[in-house]
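For reference, the structure is listed below as C-alpha cells.
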Amino acid sequence: MSHITFNPAAPKKSANLSINADLLQQAKQLNINLSQILEQQLIEIVRQAQRDRWLEENKNALDEYNRRIELRGTFSDGLRRF
C-alpha cells in the first residue's frame, strides 16, 4: 500500500517546468540540485496519492471488516492474557 515501485535505474527524461525566478536563483546560489529534490519530493507525493487511492478503493471492505470486529471481536480475544 505505501510502497512505491518504480525503476530507479530508468533513464532520466527532460521535463519543462515553470518556477518562480527568484526561488530558482536562490536555489542555484545554494547549489541545490533541483532534479534530485524534485524526484525525492515526487516519490513522497506519489506514495501518498497511491495510499489515498488504495484506501478509497478499499473503503467498503475496511468498513465492513471494522464493523465485523466491533460486533464479533477477533479470533484471539479469548486467547489473550493481557
Side-chain angles (χ1 to χ4, degrees):
M1 177 175 66
S2 65
H3 180 67
I4 181 173
T5 57
F6 68 98
N7 180 1
K12 301 291 183 180
K13 182 166 175 72
S14 296
N16 293 325
L17 302 171
S18 296
I19 304 173
N20 176 285
D22 184 49
L23 188 58
L24 179 60
Q25 180 184 2
Q26 289 182 44
K28 284 183 178 184
Q29 289 173 347
L30 295 168
N31 295 319
I32 294 173
N33 183 331
L34 295 178
S35 295
Q36 181 181 29
I37 295 296
L38 173 62
E39 198 167 277
Q40 289 169 348
Q41 291 302 306
L42 195 54
I43 288 169
E44 292 305 315
I45 291 167
V46 168
R47 179 179 286 132
Q48 184 63 45
Q50 287 176 336
R51 178 184 182 279
D52 292 346
R53 177 187 286 172
W54 187 93
L55 287 171
E56 183 61 32
E57 290 172 351
N58 292 282
K59 183 179 183 338
N60 292 339
L62 292 168
D63 289 344
E64 179 57 33
Y65 174 80
N66 289 331
R67 271 192 298 277
R68 187 180 53 135
I69 296 303
E70 192 173 310
L71 289 172
R72 300 181 190 157
T74 63
F75 170 77
S76 65
D77 284 348
L79 303 174
R80 290 188 281 178
R81 300 194 189 272
F82 54 89

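- We find the CG-CD distance between Leu55 and Gln50 to be 12.0 Å, quoted to the nearest 0.5 Å.
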| query | Step by step, would you call Glu56 with Arg53 a salt bridge (Lys or Arg N to Asp or Glu O under 4.0 Å)? | reply | CA-CA 5 Å; Glu56 183 61 32; Arg53 177 187 286 172; over 6 Å; no
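- No side-chain heavy atom of Asn60 sits under 4.5 Å from any side-chain heavy atom of Glu64.
- The line from CG of Asp63 to CZ of Arg68 is 13.5 Å long, rounded to the nearest 0.5 Å.
- Both Ile19 and Leu38 belong to a single network of hydrophobic side chains, linked directly or stepwise wherever heavy atoms of I, L, V, M, F, W or Y lie under 4.5 Å apart.
- Counting heavy atoms from C-beta outward, Arg51 and Arg47 have side chains that stay 4.5 Å or more apart.
- Side chain to side chain, Asn66 and Glu70 fail the donor-acceptor criterion of an N or O pair below 3.5 Å.
- Hydrophobic clustering, with ILVMFWY side chains joined whenever heavy atoms are under 4.5 angstrom apart, keeps Leu23 apart from Ile32.
- The local environment of CG in Asn7 is crowded, with over 12 non-hydrogen atoms from other residues, nucleotides or ligands closer than 6.0 Å.
- Side-chain contact of Asp22 with Gln26: a donor-acceptor pair under 3.5 Å is present, judged by distance alone.
- In terms of hydrophobic clustering, with Ile, Leu, Val, Met, Phe, Trp and Tyr side chains grouped at heavy-atom distances under 4.5 Å, Leu17 and Leu34 are assigned to a common cluster.
- Atom CZ of Arg72 has 12 or fewer neighbouring heavy atoms from other residues, nucleotides or ligands inside a 6.0 Å radius.
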